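Not measured: the values here are computed from a predicted model. Letters go in sequence order (proteins before strands), and every chain restarts at 1.
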Protein chains: 2
Amino acid sequence: MPRAGLDRGVVVAAAATLADEVGLPNVTMSVLADRLGVRTPSLYKHVDGQADLGRRIAVLALTELGGALRDALQGRAGKDALDAAARAIRSYAVAHPGRYAATVRIDADEPDEQLVAASARVLDSLSAVLVGYPVAPEDRIHALRMLRSLFHGFAVLEAAGGFQLDTDLDASFAWIVTAADHALRGR
Amino acid sequence: MPRAGLDRGVVVAAAATLADEVGLPNVTMSVLADRLGVRTPSLYKHVDGQADLGRRIAVLALTELGGALRDALQGRAGKDALDAAARAIRSYAVAHPGRYAATVRIDADEPDEQLVAASARVLDSLSAVLVGYPVAPEDRIHALRMLRSLFHGFAVLEAAGGFQLDTDLDASFAWIVTAADHALRGR
DNA sequence: CCGTAAAGCTAATAGCGTTAGCCAGCGTCG
DNA sequence: CGACGCTGGCTAACGCTATTAGCTTTACGG
């Protein structure tokens, strides 16, 4: 039997795309193994169980999201930057619901080096949006948390189908970003 | 063997408090049965499987949250109402993390009469907060979605331990509510 | 006081994650 | 060029989950 040529990276990537297709909770070791043309226990040669796999998907997602944010923010400032960041987050969550869902279940047990690094980069990018706004230094942490809550909440609700009318969602999102812009500017 | 005197309501309530104690994903049929002094299969006489149980926990949570919101908003308007609503949601999510988590995984398949009714009442209460603000009628849906996203996102992030410093969380929350007040007022 | 519907039980099935231990392919180094 | 060893695959097995089928016994209504 020829080797399948697996690799930790390949396994995690396959799990991530599988999660995007069928939903994170449905990413079972069996179907992942099937997808990779291998028997279930073989996965344990590359990944340390299901929890480890989920954590690695989250790291992958945060890394990708951080890159997307960095790209989106190139040369932008103020409302332009806010808008770009908001769109980047939302489209990532829509395009990769499984990966995005993996970032939610982190549970601050065992900080995990890579994971905090990846999320720090996301936070740095998001924090860069604030430089164009008149927020006092001691308030930046609050403003950052507001943006996180707002965008994350919208993404979670949209992914869960929590909004009744799917129509107007784009309009709502644009309105919300504008409102956030006003909140950050006028005080 | 004497009857345990179970009941659909009792089972769901026990599952909800169990979820608050050990986390929703750890609410297994076995431990729930143990908690109720009964064998696992007996639960199926009162509840239609795990998915049904989760849905009923969500209905319970939304009903309780709706009541808390209604109470909190009695006789309040404007920023006062906004503040009360925000606090009500946050403290419910903190006090009942398992119940609150159940409301997240709804997935808009099979709308389910009771569930839409319960969430409609929550939305109505939240919508009542907006009457004190100068938002155009066609913008109310956007403003409502903003508040939902903001509060829900904060609750999810707080529950997941997503914020680094637990200290200052109260300050951040107050700051965010004030910012939302400004966003809704000044345009 | 008896019969019946419901609420408990035991037994059994299928699927999950995970571990142990075996075997074969492949690279490395004598 | 050949043997050795690492590593990635395998099968077999265990314990846990949810769920269904079918039996028994409780409690209540006529």
**Student:** Expressed as a whole number of angstroms, how long is the span from A:Leu36:CG to D:dG8:P?
**Tutor:** 14 Å
**Student:** Tell me: CG of A:Asn26 to P of C:dG15, nearest whole Å?
**Tutor:** 15 Å
**Student:** Specify the separation, in whole Å, of atom CG of A:Leu32 and atom C1' of C:dT18.
**Tutor:** 15 Å
**Student:** According to a strict under-4.0 Å criterion, is A:His46 in side-chain N/O contact with OP1 or OP2 of D:dG9?
**Tutor:** yes
**Student:** Would you mind listing every salt bridge (Lys or Arg N to Asp or Glu O under 4.0 Å) that reaches into residues 24-46 of chain B, with sequence neighbours excluded?
**Tutor:** B:Glu21-B:Arg35
**Student:** Set out, in order, the CA-CA distance, both residues' side-chain angles and the distance that settles salt bridge (charged side-chain N to carboxylate O under 4.0 Å, His left out) for A:Asp124 and A:Arg121, then state yes or no.
**Tutor:** CA-CA 5 Å; A:Asp124 282 352; A:Arg121 285 197 308 175; over 6 Å; no
**Student:** What is the distance from CZ of A:Arg8 to C1' of D:dG8, rounded to the nearest Å?
**Tutor:** 14 Å
**Student:** Rounded to the nearest Å, what distance is computed from the CG atom of residue B:Asp52 to the C1' atom of nucleotide D:dA18?
**Tutor:** 14 Å
**Student:** Taking the side chain as every heavy atom from C-beta outward, state whether B:Arg105 and B:Arg55 have any pair of such atoms under 4.5 Å apart.
**Tutor:** yes
**Student:** For A:Asp7 and D:dC6, give me the distance from atom CG to atom P, rounded to whole Å.
**Tutor:** 20 Å
**Student:** Clusters formed by hydrophobic residues whose side-chain heavy atoms approach within less than 4.5 Å: which one holds A:Ile141, and what are its other members?
**Tutor:** none
**Student:** Would you kindly say whether B:Tyr133 and B:Asp181 are connected by a side-chain donor-acceptor distance under 3.5 Å?
**Tutor:** yes
**Student:** Can you pull every protein N or O that's under 3.5 Å from an N or O on nucleotides 14-17 of chain D?
**Tutor:**
residue : atom : partner : partner atom : Å
D:dT17  : O3'  : B:Thr28 : OG1          : 3.2

**Student:** To the nearest 0.5 Å, how far apart are CG in A:Leu53 and CG in A:Leu32?
**Tutor:** 6.5 Å
**Student:** What parts of residues 38-45 of chain A reach DNA chain D, counting only heavy atoms under 4.0 Å away?
**Tutor:** A:Val38, A:Arg39, A:Pro41, A:Ser42, A:Lys45
**Student:** Is there any side-chain hydrogen bond (donor to acceptor under 3.5 Å, both in side chains) pair reaching into residues 154-164 of chain A, and which pairs are they, with sequence neighbours excluded?
**Tutor:** A:Arg90-A:Glu158
**Student:** Run the side-chain donor-acceptor check on residues 60-75 of chain B: report pairs under 3.5 Å with partners two or more places apart or on a different chain.
**Tutor:**
residue : atom : partner : partner atom : Å
B:Thr63 : OG1  : B:Val59 : O            : 2.7
B:Glu64 : OE1  : B:Tyr92 : OH           : 2.4
B:Glu64 : OE1  : B:Arg99 : NE           : 3.1

